[in-house]
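Heads up: the structure comes next, in structure tokens.
Chain naming here is simple, since letters A, B, ... match the order of the sequence lines and numbering starts at 1 in each.
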Amino acid sequence: MANLTLVQAINLALVQEMERDDRIILLGEDVGLNGGVFRVTEGLHKRFGGHRVVDSPLAESGIIGTAIGLAMAGLRPIPEIQFEGFLGPAYDQLCSHAARMRTRTRGAFTVPMTVRVPVGGGIHAPELHSDSPEAIYAHQPGMKVVMPASPYDAKGLLLSAIRDPDPVIFFEPKRIYRAFREEVPEDEYTIPIGKARVVCEGDELTMISWGASVIQCMQAIEKSGRSVELIDLRTIYPFDMEAVAASVSKTGRAVVVHEAPRTCGFGAEIATRIMEECFLSLEAPVQRVTGFDTIMPYYKLELEYLPETERIGLAVEETLAY
Amino acid sequence: MTKTIPTISSTSIRSHGGARASRSLPAGVPPDTIVKWFRDMLLIREFEVRTMQAYQEKKIGGFCHVYIGQEAVAVGCTAAIRPDDPMITAYRDHGHALARGMSSRHCMAEMFGKIGGCAKGKGGSMHMFDRANNLFGGHGIVGAQTAVGTGLAFATKYEDEVINGGRSDRVTLCFLGDGALNQGVLHEAMNLAGLFDLPVIFVVENNGYSMGTAIERGTTMAHDLSVKAAAYGFDAIEVDGMDLIAVYEDMKAFCDSCRAASRPGFVDMKTYRYKGHSMSDPRKYRTREEEEHFESGDPIGKLRDVLLSAGVLDEAAVAAMQKEVRAEVKDALQWSEESPAPGIDELYHDVYVERWGPYTGTSLPEMLREEKR
């Protein structure tokens, strides 16, 4: 057991999985010699060689398209896209090919590919380097979307993603890449895709979040002094509605917190599902604490945009007082 | 000083077709094999004619792009590679599927949207996939398949170097239309292929038009596409795609050299589609004279003449073969007609892996909701 950051936990998962399975190939811009833009793949090029840890040209569509071909031919590619904003050029390959191949071929061809992508704000970067596009990819049937909020979960979820026979976008929240450490077992363990985590139990209100915002939620809950149940979704799609419904049926109140813009953010889906499945348990309207319906601002306004503890705390108060 | 842009007349670009003497039979190929190629071309032609009829009778939904005129390309290229070599193409894909060995029943039923289709009627005309015959689709977004083709070749190289210890030597044939020359992803794919020494051949089925836009109206250097490959450091050849023997001989030599060197290649495959881009194309962008010029040099007629004059087939044998493919396609149509349509429960299958039972999603149709209750 070692005390690891999120970056180190992902690195460990990659090393162990590459040792186990020689079908795994990493490719992306600067993932090799330079260890990746956030140094997540540090040391892997030296350890596994340039055939397995491939520095690709700067060409996102080409990287993802090539990875799809690798996967259809039976390998387990793990492409890295440097920032979530750079998924744009690869959108066609992800949504026109990867997500649809199983349905289109009636299961004859699948795309077991894990796309690793740093995501979200909080590191003083501009737009396209601070966005949260998880709802866009969750909206694509056939795609799985995962976002860990802790080093322990990152390792377990990444192993599940790599072994999953469907394409997975594995979003890594940059803000917590090195923000804290956690005990991460050396031994192999997996965390199933589609299962949420109850971070802390409570009976007055359910808070649902994912990614780096989970930390802000924990702080807000502590500050509020109320009995709030915090659910870290971990998988955005297919998401664990069972866990959400069980908690909201118990508490009768819900607040959803995410970084992405409010309109059509994944919180909208969760709020609707709560309304559909827990209507008779609800004591208050479901609140959302989110980014705004604007382009992600540059760093001076960054903390205004992201759901901070104060805004989350206000939503908790309002929902409880309703 | 004003730069002078050379003008190229459309006739000079499309000078390949028309009635011309064909080559003699390729050396070292058993006559039976060539007869099989001839039959494959006949089958594709008959299949596509009946496909058009079925479309007009509204038995085929969506959009439909037929391969009539280009038969020598799919058949000749398939003949030039090994069965384990991956092949991938765009949406004008019925010819590739049949040439690669998909049964005409499964191919036709797929277009009918019936359960008997190669993907149980889930993919349709543009998405022919055949795992057993290493056909990796059938893709609807112009040019997008080229990066996937590069990946298929990358897998061969990876297996060769990392897993199999130098025993994988497949060549991937990645087909694209001339319209795809102007898609950005092709250039990413070609750069990757050149950079990593990937055994993939980009075969441009250059039929002269991307939908209604003549190649010289949409593509730079249309008179010499080899420069596109030169930019990425690999060899290019030009092939008369209206002559099956030329396609076979030129592609065989090129595939063999790309295989031996583990290098990419580029082919300007000059061909012509007799019909419109899709079934609803009035073909206002070209003349009937041009169409007749190409039809006069039909690849099927050309090979028939060669086989007749070489004494491999006689008129009676050709007539018998024509009768045979007509019967085969008739059977495919009937089989597709009788094949059941997919039930609503098919909708939720194969969206995701069904390790834990069928995927239920979040938006079950009413019928399934009833069943679930």
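Proximity to chain A (any heavy atom under 4.5 Å) is shown, for B:A189, by neither the backbone nor the side chain. Looking at A:S96, only its side chain comes within 4.5 Å of chain B, counting heavy atoms on both sides. At a 4.5 Å heavy-atom cutoff, B:E110 makes no contact with chain A through either its backbone or its side chain. Contacts of B:H139 with chain A are made by side-chain atoms alone, with heavy-atom separations under 4.5 Å and no backbone atom involved. Proximity to chain A (any heavy atom under 4.5 Å) is restricted, for B:D130, to the backbone atoms N, CA, C and O. Proximity to chain A involves both the backbone and the side chain of B:L152, based on heavy atoms less than 4.5 angstrom apart.
With respect to chain A, the highest number of heavy-atom pairs below 4.5 Å among B:K120, B:E159, B:Q145 belongs to B:K120.
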Exercise. What do the steps show when you test A:R102 against B:K122 for side-chain contact (heavy atoms from CB on, under 4.5 Å), and what is the final call?
Worked result: CA-CA 10 Å; A:R102 178 183 290 278; B:K122 281 196 169 187; over 6 Å; no
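Considering every non-hydrogen atom in both B:A147 and A:Q93, the closest pair reads CB-NE2, 4.0 Å. The heavy-atom pair separating A:Q140 from B:Y352 by the smallest distance is O-OH, 4.1 Å. In terms of heavy-atom proximity, A:I24 sits nearest to B:Y158 at O-OH, 3.0 Å.
Looking at A:T110 and B:V353, their side chains never come closer than 4.5 Å, going by heavy atoms from C-beta outward.
Residue B:F129 holds its CZ atom at 5.0 Å from CE of A:M101, rounded to the nearest 0.5 Å.
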